[in-house]
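In what follows, a structure is listed as structure tokens, so that the remarks can point back to it.
All figures in this text were calculated on a predicted structure; none of them were measured in a lab.
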Amino acid sequence: MASFSFPITTTAFVILLLSLTSNVFNNSAAKHSHSSSVKSIKNPRLQKAYIALQAWKRVIYSDPNNFTSTWVGPSVCNYTGIYCAPFPNNTKLQVVAGIDLNHADIAGFLPEELGLLNDLALLHLNSNRFCGILPLSLSNLTLLHELDVSNNRFVGPFPNVVLSLPSLKYLDLRYNEFEGPLPPPLFSKDLDAIFVNNNRLTNVIPSNLGSSSASVVVFANNYFGGCLPPSIANFANTLEELLLTNTSLSGCLPPEVGFLYKLKVLDVSNNKLAGTIPYTIAGLAHLELLNLAHNMFSGTVPEGICVLPKLSNFTFSYNYFCEEQGICSNLTSKGIVYDDRRNCLPEKPLQRSKKDCDTVDEHPIDCLAFHCGT
């Protein structure tokens with residue numbers, strides 16, 4: 001094979017040499033500047049924070065709003081989105097206690113150096129374009145109380161690193177690309193809020209679901225399938241909002257749902273739930289919103305639900321209910337917003353065909369046949 005070479009002129013050689021020398025000098029100067037900045041920080045906790053934030057800035061490849069343009073120099077407490085507070089055991093010592101980059105539209109990933117932020121209590125990254133996985137070094141954040149990485153582009157299996165955070169109370173992973181099963185240990189943690197909706201999570205909801213002490217649990221828009229575990233009853237002392245919209249649930253709604261006496265919001269719409277409404281729901285005195293729409297429920301809409309004292313919104317459209325007891329047929333008179341379309345209710349408009357209703361009526365549901373277990 002012929003080889004070709006082109007002579008380099010003296011001028012070109014000098015320019016090339018100057019360019020290489022300049023790059024070496026700039027890299028050396030940057031390292032020297034970084035080293036000087038670290039040494040100029042007398043507070044060792046802020047030293048580590050500086051190293052972590054500079055490492056993070058280097059792996060941010062899009063910052064259209066120049067959110068991190070202030071991340072320069074040793075004064076990390078002046079960086080945009082970085083919040084310092086006195087160290088609990090030494091109030092004269094400032095530490096990085098919070099990071100709030102919500103809605104910054106930043107693209108990049110999370111480096112392992114974030115594990116150096118040992119004093120962090122709050123990490124909010126909502127609505128950015130961060131991708132990749134959550135680094136295992138986050139396990140060092142033993143004081144972290146709130147973790148919100150929602151509405152980003154994180155991938156991989158459920159990030160088990162969050163299970164090792166002893167102080168965590170608020171976990172928000174929604175609107176990402178996490179996939180696979182939920183780990184049962186998630187529900188053994190002392191969390192107040194669990195948001196895992198709008199991911200690619202699969203398998204079934206773990207049977208130890210009710211071991212948690214959360215007040216809000218949102219599973220919506222995943223691919224769990226299977227039954228809602230009867231252990232949901234163990235949430236009775238804390239749970240106020242349960243959203244299971246579009247999670248491929250099947251079987252019957254367990255009567256244990258009615259044991260959640262603090263419940264204000266229950267949404268099981270867009271699933272494959274069948275059978276009748278559990279009579280126990282009529283005991284949920286704090287219930288404000290009940291959504292049963294787009295399932296295969298049948299039988300009667302019990303008056304006990306329609307007279308709940310706090311109920312303001314009751315949606316049971318796109319099912320196969322054949323009767324509304326008492327006041328249920330006139331919820332407008334109680335000021336309740338409702339939707340009863342596409343059922344099998346006689347003398348009500350916009351109902352299913354007689355053929356569709358007769359098919360369901362001829363094949364009554366046996367909830368025990370689903371073998372949902374305990």
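Proximity of a side-chain donor or acceptor of D148 to a complementary backbone N or O of L125 within less than 3.5 Å is not detected. Between the N176 side chain and the F154 main chain, a donor and an acceptor come within less than 3.5 Å of each other. Here the side chain of E324 pairs no donor or acceptor atom with the backbone of D340 at under 3.5 angstrom. Looking only at distances, a side-chain donor or acceptor of N128 sits under 3.5 Å from a matching main-chain atom of D105. For the pair S215 (side chain) and L239 (backbone), a donor-acceptor distance under 3.5 Å is absent. Side chain of D267 to backbone of S269: a donor-acceptor contact under 3.5 angstrom is found. Checking side-chain atoms of N319 against main-chain N and O of S317 turns up a donor-acceptor pair under 3.5 Å.
Between S333 and N330 the shortest heavy-atom distance is OG-O, 2.6 Å. Nearest heavy-atom pair, Y61 versus C131, reported as atom, atom and distance to 0.1 Å: OH-SG, 3.5 Å. The heavy-atom pair separating P184 from N208 by the smallest distance is O-ND2, 2.8 Å.
In summary, the side chains of T247 and N271 do present a donor paired with an acceptor at a separation below 3.5 Å, with no hydrogens or angles considered. There is no side-chain donor-acceptor pair under 3.5 Å between T245 and N270. Side-chain contact check for T70 and T80: at least one donor-acceptor pair (N or O, by modelled atom type) lies under 3.5 Å. Donor-acceptor pairing under 3.5 Å is lacking for the side chains of N199 and N222. K48 and N118 form a side-chain donor-acceptor contact under 3.5 Å, judged by distance and modelled atom types alone.
Judged as a salt bridge (Lys or Arg N to Asp or Glu O under 4.0 Å), not a single pair has a partner in residues 72-83 (not counting sequence neighbours). The side chain to side chain donor-acceptor pair (under 3.5 Å) pairs that include a residue from residues 286-299 number zero, where partners must be two or more places apart or lie in different chains. Every pair passing side chain to side chain donor-acceptor pair (under 3.5 Å) that includes a residue from residues 358-369 is listed here, sequence neighbours excluded: K354-D358. Sorted by first then second residue, the side chain to side chain donor-acceptor pair (under 3.5 Å) pairs that include residues 302-316, not counting sequence neighbours, are N313-T315.
Contact annotation: the side chain of L122 never approaches that of Y83 to less than 4.5 Å [non-hydrogen atoms, C-beta and beyond].
More than 12 heavy-atom neighbours from other residues, nucleotides or ligands sit within 6.0 angstrom of NZ on K348. Atom OH of Y279 sits in a sparse spot, with 12 or fewer heavy atoms from other residues, nucleotides or ligands closer than 6.0 Å. In K57, the NZ atom is crowded: over 12 heavy atoms of neighbouring residues, nucleotides or ligands sit closer than 6.0 Å.
With a 6.0 Å cutoff to the six-membered ring centre and a 45° limit on the axis angle, R45 counts as a cation-pi contact of F87. Geometrically, R352 engages Y320 in a cation-pi contact, judged by NZ or CZ lying under 6.0 Å from the ring centre and within 45° of the ring axis.
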Next on the checklist: Working note: F316 + F314, criterion ring-ring contact (aromatic ring centres under 6.0 Å, His included); need CA distance, chi angles, decisive distance, verdict.
Outcome noted: CA-CA 7 Å; F316 51 98; F314 184 17; 4.6 Å; yes
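Ring orientation note: the planes of W56 and F130 are tilted relative to one another, at an angle of 30° to 60°. Between F297 and F321, the ring planes lie parallel to each other; the angle is under 30°, not in the 30° to 60° tilted range.
Hydrophobic clustering (side-chain heavy atoms under 4.5 Å, transitive across Ile, Leu, Val, Met, Phe, Trp, Tyr) groups F178 together with L163.
Remark: C322 pairs with no residue by the disulfide bond (SG atoms under 2.5 Å apart) rule, at least two apart or across chains.
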Exercise answer: donor-acceptor pairs, residues 132-140 side-chain atoms, under 3.5 Å, sequence neighbours excluded:
{"from": "S137", "atom 1": "OG", "to": "E112", "atom 2": "O", "distance (Å)": "2.6"}
{"from": "S137", "atom 1": "OG", "to": "E112", "atom 2": "OE1", "distance (Å)": "3.2"}
{"from": "S139", "atom 1": "OG", "to": "L136", "atom 2": "O", "distance (Å)": "2.9"}
{"from": "N140", "atom 1": "ND2", "to": "S137", "atom 2": "O", "distance (Å)": "3.4"}

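C227 has its SG atom at least 2.5 Å from the SG atom of C252.
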